> 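Take this structure first; my questions come after.
Just so you know, ligand 1 is whichever comes first in the structure, and atom 1 is the first atom listed for that ligand. Because the structure is a prediction, the values reported are computed rather than measured.
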Amino acid sequence: MKKTDIEKECPLCHKKENQVKMGHNRSGTQRCMCKECGISYTIDPKKHEYSEETRQQAIKMHKEGISGREIGRILGINKANVYNWIKKYTAHEKSRH
Ligand SMILES: [Zn+2]
């Protein structure tokens, strides 16, 4: 029996054929390319537990001086997640200078 692979589907043309693996990005996400339309995209095997809205809210609270632990408690999310977002946000901010 073949090992179960992540089903690859182009987010643009939604074809499942001619999807080639391109390795992984820094966070370990599988990168793929669609030979049909030529775009590259990533497959995240992890389910997105929190919405972009929640993330933005957490960043906003961080900017207001609320600690990661508090943000996690208020928004009801894992504080490790909050720290992760803050870290990414801070790195992004630094790269602009
Ligand atoms: Zn495509």
> State whether the side chain of Q30 and the backbone N or O of T42 hold a donor-acceptor pair below 3.5 Å, judged by distance alone.
no

> Going by chain and residue number, what protein N/O/S atoms come nearer than 2.8 Å to the Zn ion (ligand 1)?
C10 SG, C13 SG, C34 SG, C37 SG

> What residues, two or more places apart in sequence or in another chain, satisfy side chain to side chain contact (heavy atoms under 4.5 Å, CB included) together with T54?
Y50, S51, L75, I77, W85

> How close do Y83 and G68 get, heavy atom to heavy atom, and via which atoms?
CE2-CA, 3.8 Å

> What is the minimum heavy-atom distance between Y41 and M33, and which atoms define it?
CE2-C, 4.2 Å

> Taking Q19 for its side chain and E17 for its backbone only, find out whether a donor-acceptor pair lies under 3.5 Å.
yes

> So do H62 and I66 actually touch side chain to side chain, heavy atoms under 4.5 Å?
no

